[in-house]
Each structure stands twice: as structure tokens, then as C-alpha cells.
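Here the structure comes first, spelled out in C-alpha cells, and everything after it is commentary.
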Amino acid sequence: MSVAQAFQIDCLNVGSENNFKNFHLYNHGKIYKSYSDSILLPNIIQIEKNLFMASFQLMKLMPAKYVIEKALAEKRINPKYPIIETSSGTYALGLGIICAEMGLPFRIISDQAIDDDLKRRLEDLGGYVQILSQTLSSENPQIFRLNTLKEYLANNPQSFWPQQYNNPENQTAYTIFAEYLIKQLGNNLTLVGSVGSGGSTCGTIKCLRENNPFNRLVGVDTFGSVLFGLINEKRILRGLGNSLMPQNLEHCLFDEVHWVSACDAYLQTRKLHSLYSSFHGPTSGAAYHVAKWVSHQNKDEKVVFIAPDTGHRYLSSVYNNQYLKEMSFFDKEISSSPLKVMDPSEVNNKWTYLNWNRRTYKEIMEVKNGN
């Protein structure tokens, strides 16, 4: 049984007729058994002739749902003990929604990067949110969160940890998304996605390449992230990048890697909204920024980029002009094209890309170090 069959989701085609009078109901009157089922798959929206957006309400719901359902079926979850994870973003919300639907307790270990609205929503879903003060440790907050989680598990070994960064089931969950893309757009695609855990990009492209090994993958990272060979530094742009190297990230799957700034990502997020009414977060803006350029350079390719979540959490930041002015982003020009580099050591704070060419991390680092 495929993942798509396991989820029992219908991959429905939407007619191209743009006349309101002739528009048919998207789901043909389908009644879903849960809220998570109703938003599991994205809408595919054509932005330009060869540029498409996979518009999710909450992409991280997909791995959270798959991992929890599979663990329950295999009796790896004791419902008397909380499911525990470290997160300051959308994976925590996805986990919270699934746990609330299934009546499971959950505990999120986070830090001061989590926004108040998300914290309140997680608590309303029945979860306990533990906020760690960065002053408690000189270590990277993400490492400190992970160490705190491991301490909790040592004292509560019957709790279940989904391990979003290192669990291969995270990748497997995106098989349904890949099957959906093939059904909607065919099997000759270039996928552009922001990279954090590596689950969505790597899991999706693996399935796509089972149908066509020439399908391309373009990863989007940011400055200060260690994922593709840069030094760990404070990141302004959140939701992508990482200060730890996740096991779900398989470098040899990537054809290109781009590093983008918070300024370009924020402004492109606003442009997506003003031009196309697409209300998404800055990781979507970062992916759109790269995908638009890729689609213009490769007119014969069908380029689809991942928009992982909606913009509601960013009303006071990305969608706030005063905030953009305080960040000195408001009247900036969006970068029109990236600088091509030969290895990560040449990356600066401007939009940059590297032809990764499906090489391993070790192979790229050998080039960087002159070996």
C-alpha cells in the first residue's frame, strides 16, 4: 500500500476553466473525517507560464500526522505519556493539531524565538510549552533545547519523541505530496524548496526521481546556516536553515543550492501577497525568490516551489511596514540575480548560488578546502 493509499486522500484535478459560473466545487462535496485531513495537501497555483506554487496551509502537518499515526499503529506510543519534541515553529503546531485530534498529551520544548501567538495556540490545543531562557546557557539555543529534551526522556523513557530532524519517516511522509505533484503537473519537474530538516525536499525528490531521475532539486538556505557548508551564526531569517546538521538532509540529492537574505525573502513574501493575493510566510518568499529566477533561466522546465505555511504568524513582522523600516528593509531593492560561486567559502551576504550537482557534503567541503 502506498503512502497516498494509507492516508486515503483523493488527488483531485482542478479544471483550468477560469469562469466563476462554470467553476465546480474543488472537493466535489467531500466531507473530511478531521481538520488535518482537510488541509493535508496543498493547492497547486500557476504563478507564471512555467512557475507553480504548492500552497500549503501547514506543510509540517504532513510528517507529524504520518509519524504519529504510524507509531500508534505499531504501538510505539503510550497514550498516558506526552509526545515530546523541540520546536519553535510549524512542526510544533502540526504535532499539536494531530495530538489534539487524537486526544494525546504533548510537550514542546522551545526558546524565546517562539512567538506568543503560536505558544497560546499550542496551549489551547492541550499542550505544555516549556520556554528555555537563552541566558541559561552559552550554547546554541537549539543544542540547549535538544539537551533539555534528552534529559526529560531520561526521566520519562515512555514518552515518544518524533525526532523531526533525524527520523527517516519524516522523509517518507512526503511521498503523498510527490504523488500529488505528479498527478497534477506530470513527472518532469524542478522542485524548489527551503531547507531546514531536509525532510520535505529530500523526501519529495526521492519519490519524484523514482518516476523520472532527471527531475531537479533546488535547495534554498540562508546565511548563518550550517546546512550547506557555512559557519553557524545568528540567523535573521527563520523557518529555514539550521545550526545543527540533520540526518534527514541528503546533500547528494541537490542540483543547486541558493543562499538568500532575510531582506529578499521578506520583500518577496510581500510581493507574493500584493501581486497574487498569496498569504504566506517568509520561507515561502525565499522559495519564490529563487524559483522565479530558476524558471526564467529554464523556460522549458516546469518549476514548482513549496510555500509551507500561511502568513498569520507574521502579521507583526513581515507584513508590518514599521517592522520592515526598523529592519532597514522597507525601501530596499530586491536582488535581481544571484552570484554564482564555486564553493561555500565564496558565499557572502548577497544572494548566491552553487551548482551542487548531486555531490556529497564531503565532496563539496574538499573543494572548499582545496583538496
Side-chain angles (χ1 to χ4, degrees), residues 1-16 26-27 30 36-66 90 94 169-220 240 248-250 253-256 272 276 278 280 283-284 286-288 290-292 294-295 298-310 358:
M1 178 182 291
S2 70
V3 177
Q5 290 171 326
F7 272 124
Q8 296 182 333
I9 297 295
D10 297 323
C11 294
L12 301 169
N13 286 307
V14 181
S16 60
Y26 174 67
N27 64 9
K30 180 177 176 63
S36 61
D37 280 350
S38 74
I39 65 167
L40 193 67
L41 289 170
N43 293 316
I44 307 299
I45 301 169
Q46 187 168 9
I47 299 294
E48 296 180 5
K49 184 177 181 181
N50 68 324
L51 179 60
F52 300 81
M53 174 173 61
S55 175
F56 283 92
Q57 288 194 47
L58 185 63
M59 184 186 70
K60 291 293 183 71
L61 187 70
M62 189 171 287
K65 185 177 178 71
Y66 179 77
T90 54
E169 293 172 356
N170 188 322
Q171 281 194 17
T172 305
Y174 289 97
T175 300
I176 184 177
F177 173 47
E179 292 174 353
Y180 181 69
L181 285 177
I182 292 170
K183 185 173 181 66
Q184 300 288 52
L185 297 174
N187 64 355
N188 185 18
L189 300 172
T190 292
L191 178 69
V192 179
S194 299
V195 185
S197 70
S200 60
T201 49
C202 295
T204 304
I205 199 64
K206 278 184 174 180
C207 183
L208 290 177
R209 285 182 183 158
E210 289 177 2
N211 292 271
N212 179 1
F214 297 103
N215 283 323
R216 297 204 310 133
L217 175 61
V218 178
V220 183
L240 73 165
N248 278 325
L249 176 57
E250 297 184 44
L253 297 173
F254 289 84
D255 296 283
E256 271 181 37
L272 261 178
Y276 305 108
S278 173
H280 285 282
T283 49
S284 305
Y288 167 63
V290 172
K292 184 176 181 179
V294 170
S295 68
N298 305 275
K299 299 287 189 181
D300 58 337
E301 292 184 5
K302 195 175 287 185
V303 179
V304 56
F305 69 95
I306 299 172
D309 65 346
T310 65
R358 306 191 188 186

Exercise. Hey, mind stepping through Leu181 and Ile44 against side-chain contact (heavy atoms from CB on, under 4.5 Å) and telling me if it holds?
Worked result: CA-CA 8 Å; Leu181 285 177; Ile44 307 299; 3.8 Å; yes
Seminar exercise, completed: The side-chain contact (heavy atoms from CB on, under 4.5 Å) partners of Arg209 (sequence neighbours excluded) come to Ile205, Asn215, Leu217, Leu253, Asp255, Arg358
Seminar exercise, completed: Note: Ala307 and Ser284 closest approach over all heavy atoms is CA-OG, 3.2 Å
Exercise. Where do Leu208 and Ala178 come nearest, in terms of heavy atoms and distance?
Worked result: CD2-O, 3.8 Å
Where the side chain of [X] meets the backbone of [Y], is there a donor-acceptor pair that is under 3.5 Å apart?
X      : Y      : value
Asn50  : Ser295 : yes
Asn211 : Cys207 : yes
Asn248 : Ser197 : no
Lys65  : Ser36  : no
Gln46  : Lys49  : yes

Exercise. Among Leu51, Thr190, Asn188, which one satisfies side-chain contact (heavy atoms from CB on, under 4.5 Å) with Glu301?
Worked result: Thr190
Exercise. Looking at residues at least two apart in the chain, or sitting in another chain, which of them share a side-chain hydrogen bond (donor to acceptor under 3.5 Å, both in side chains) with Thr310?
Worked result: His312
Side-chain heavy-atom pair [X], [Y] within 4.5 angstrom cut-off:
X      : Y      : result
Ile176 : Leu40  : yes
Phe254 : Val195 : yes
Leu41  : Met62  : yes
Val290 : Glu256 : no

To the nearest 0.5 Å, what is the distance between [atom1] on [X] and [atom2] on [Y]?
X      : Y      : atom1 : atom2 : answer
Lys302 : Asn187 : NZ    : CG    : 9.5 Å
Ile306 : Met53  : CD1   : CE    : 12.5 Å
Leu191 : Thr201 : CG    : OG1   : 7.5 Å

For this session: Take Tyr174 and Lys206 through the side-chain contact (heavy atoms from CB on, under 4.5 Å) test and state the conclusion after the steps.
Result: CA-CA 9 Å; Tyr174 289 97; Lys206 278 184 174 180; over 6 Å; no
Exercise. Is there any ring-ring contact (aromatic ring centres under 6.0 Å, His included) pair reaching into residues 40-64, and which pairs are they, with sequence neighbours excluded?
Worked result: Phe56-Phe177
Exercise. Going through the distances and angles, do Cys202 and Leu249 end up as a side-chain contact (heavy atoms from CB on, under 4.5 Å)?
Worked result: CA-CA 7 Å; Cys202 295; Leu249 176 57; 4.2 Å; yes
Exercise. When the ring planes of Phe305 and Tyr288 are compared, do they come out parallel, tilted or perpendicular, using 30° and 60° as the limits?
Worked result: tilted
